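Working notes, structure below.
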Protein chains: 2
Amino acid sequence: MKTKVEIKNLLQNAKLKNTTPRVVILETLLNIKHPETAGEIHKRLKKNKIDLVTLYRTLASFEKNKLVKRVDLHKDAIYYELDLDHHHHIVCTKCNKLERFENSEIEKVLNKIISKSVKFKNIKEHSLELFGICKKCA
Amino acid sequence: MKTKVEIKNLLQNAKLKNTTPRVVILETLLNIKHPETAGEIHKRLKKNKIDLVTLYRTLASFEKNKLVKRVDLHKDAIYYELDLDHHHHIVCTKCNKLERFENSEIEKVLNKIISKSVKFKNIKEHSLELFGICKKCA
DNA sequence: ATACAATTGCAAACAATTTGCAATTGGAAA
DNA sequence: TTTCCAATTGCAAATTGTTTGCAATTGTAT
């Protein structure tokens, strides 16, 4: 669990004003284990009366500052997640269960790929999600 | 370039009726080099007066039948692409230029990942896109 | 040639996300 | 501290992307 001070630092490093909505949203995101849509995150903010529009704008600025990333789950809305530790997901296309994973080999492969690229010489980010049927559903 | 007969076979294999809109959409998709949104694809269909709704429904059924896949380009709409040959993309976040790539090592890494998984024992599909700044923009 | 389920087009609804603008707020500078 | 200004927020309304309902049409198995 991050302290108030650490949260404040995250904002400061990103050169973002230390406002109540931002702190609350950041605290909330820290409690979420899996990617959620803006609507879902907004429900969690209920008691704090933070406008959905503010949430969208905050997510956008967090995204620009690499605090947050989008995750494509092949659904019809955008899923967001804190991006403090790099990881990926396996998604069950039947029950929507999620499993996180990390993998260091991927980075090596990506480096090889980029060295072969004509138009690019480095990568800033990448997305990788796996889809399948979980053991329970199978 | 695929012939009429091949297109017909693609539909038949997917157990989809061989209708004019589907053939036209499939032909169109075959001519597109990079993922496009439903709106963009629809513009290409102009002369053929195929309804945007039909396109959405067709893309959905093609997707279910693995003829088409969604590609997440971190934009605010869904991008679609024919999925006849497996590949990924590198995206320039500045000028939106795209480069395709294939990589066989990825599959090996994915197999390792799945063998470590608690909840999953195999993967049906995966998405992998890279984001960066292209040489021209850098 | 017929019949029925699958597919289509149109209109309208819906959901997610963005924009405009006036009021409020945080923090740098006095 | 107090002042001041740009950054941020909330509300209302607009926009964009996507889906749904239903009657008319079409493809294919019989």
Side-chain angles (χ1 to χ4, degrees), chain A residues 4-5 7-28 35-65 67-81, chain B residues 4-5 7-28 35-65 67-81:
Chain A
K4 292 272 180 198
V5 175
I7 285 175
K8 198 171 172 181
N9 282 339
L10 283 175
L11 290 174
Q12 228 152 30
N13 292 338
K15 295 198 189 65
L16 294 172
K17 274 173 140 184
N18 187 251
T19 67
T20 310
R22 283 183 181 153
V23 172
V24 171
I25 290 170
L26 208 36
E27 285 174 339
T28 302
E36 292 192 0
T37 65
E40 289 168 342
I41 299 168
H42 187 235
K43 276 182 205 145
R44 295 178 180 263
L45 300 171
K46 263 205 193 89
K47 304 131 198 171
N48 299 284
K49 309 189 213 137
I50 290 167
D51 199 274
L52 180 56
V53 172
T54 301
L55 175 57
Y56 272 110
R57 289 196 268 229
T58 304
L59 288 172
S61 78
F62 283 3
E63 195 186 352
K64 191 173 299 177
N65 287 288
L67 289 177
V68 156
K69 70 173 177 186
R70 294 177 182 214
V71 181
D72 173 38
L73 299 182
H74 285 187
K75 305 278 177 57
D76 294 343
I78 304 167
Y79 283 72
Y80 296 93
E81 185 177 59
Chain B
K4 291 274 181 198
V5 175
I7 285 175
K8 199 172 172 182
N9 282 339
L10 283 175
L11 290 173
Q12 229 152 29
N13 292 338
K15 295 197 188 67
L16 293 172
K17 275 171 139 185
N18 188 251
T19 67
T20 310
R22 284 184 180 151
V23 173
V24 171
I25 290 170
L26 209 35
E27 285 174 340
T28 302
E36 292 193 359
T37 65
E40 289 168 342
I41 299 168
H42 187 235
K43 275 183 205 144
R44 296 177 181 263
L45 301 171
K46 262 205 193 88
K47 305 131 197 168
N48 300 284
K49 309 188 213 136
I50 290 168
D51 199 275
L52 179 58
V53 172
T54 301
L55 175 58
Y56 272 111
R57 289 196 268 229
T58 304
L59 288 171
S61 78
F62 283 3
E63 195 187 353
K64 191 174 299 177
N65 287 288
L67 289 178
V68 156
K69 70 173 178 184
R70 293 177 182 214
V71 181
D72 175 38
L73 298 182
H74 285 188
K75 305 279 176 56
D76 294 343
I78 304 168
Y79 283 72
Y80 297 92
E81 184 177 58

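Keep in mind the model is a prediction, meaning the values are calculated, not measured. Hydrogens, waters and symmetry mates are skipped; everything else that's a heavy atom, side chains included, is used. A, B, ... follow the sequence lines: proteins, then strands. Residue 1 opens every chain.
With sequence neighbours excluded, no residue forms a salt bridge (charged side-chain N to carboxylate O under 4.0 Å, His left out) with Glu40(B). The salt bridge (charged side-chain N to carboxylate O under 4.0 Å, His left out) check on Asp76(B) picks up Arg70(A), with sequence neighbours excluded. For the salt bridge (charged side-chain N to carboxylate O under 4.0 Å, His left out) test, no residue two or more places apart in sequence or in another chain qualifies with Glu81(B).
Going from atom CG of Asp51(B) over to atom P of dT18(D) covers 15 Å, rounded to whole Å. Look at CZ on Arg22(B): it is 15 Å from P on dT26(D), rounded to the nearest Å. Here the C1' atom of nucleotide dT7(C) and the CG atom of Leu26(B) are 16 Å apart, to the nearest Å. In this structure, Lys75(A) atom NZ and dT18(D) atom P are separated by 16 Å, rounded to whole Å. dT19(D) atom P lies 11 Å from atom CG of Leu55(B), rounded to whole Å. In this structure, Lys15(B) atom NZ and dA29(D) atom P are separated by 12 Å, rounded to whole Å. Rounding to whole angstrom units, CG of residue Asn65(A) and C1' of dA7(D) are separated by 14 Å. Following rounding to the nearest Å, Ile41(B) (CD1) and dG17(D) (P) show an atom-to-atom distance of 13 Å.
His42(A) and Leu55(A) get closest at one heavy-atom pair: N-CD2, 3.6 Å. Listed here is the closest heavy atom pair of Pro21(A) and Thr54(A): CB-CG2, 4.0 Å. Of all heavy-atom pairs between Leu52(A) and Ala38(A), the closest is CD1-O, 4.0 Å. Nearest heavy atoms, Thr37(A) versus Ala77(A): CG2-CB, 3.9 Å.
Side chain of Asp51(A) to main chain of Val53(A): a donor-acceptor pair is present (N/O by atom type, distance under 3.5 Å, no hydrogens or angles).
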Between the protein and nucleotides 21-28 of chain C, list the N/O to N/O atom pairs that are separated by less than 3.5 angstrom.
| residue | atom | partner | partner atom | Å |
| --- | --- | --- | --- | --- |
| dG27(C) | OP1 | Asn18(A) | N | 3.2 |

| task | Test side-chain contact (heavy atoms from CB on, under 4.5 Å) on Ile25(A) and Arg22(A) and set out the steps. | result | CA-CA 5 Å; Ile25(A) 290 170; Arg22(A) 283 183 181 153; 5.8 Å; no

| task | Please assess Tyr79(B) against Ile41(B) for the test side-chain contact (heavy atoms from CB on, under 4.5 Å), listing each intermediate value before the final yes or no. | result | CA-CA 10 Å; Tyr79(B) 283 72; Ile41(B) 299 168; over 6 Å; no

| message | side-chain contact (heavy atoms from CB on, under 4.5 Å), that's the test. Do Asp72(A) and His74(A) meet it? Break it down for me. | response | CA-CA 6 Å; Asp72(A) 173 38; His74(A) 285 187; 2.9 Å; yes

| message | So if I define the base as every atom that isn't primed, P, OP1 or OP2, how would nucleotides 12-18 of chain C read as a B/S/- string at a heavy-atom cutoff under 4.0 Å? | response | ----SBB

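One end of the helix from dA1(C)-dT30(D) to dA30(C)-dT1(D) points its axis 40° away from the other end's axis, with each axis taken from 5 pairs and the angle rounded to 10°.
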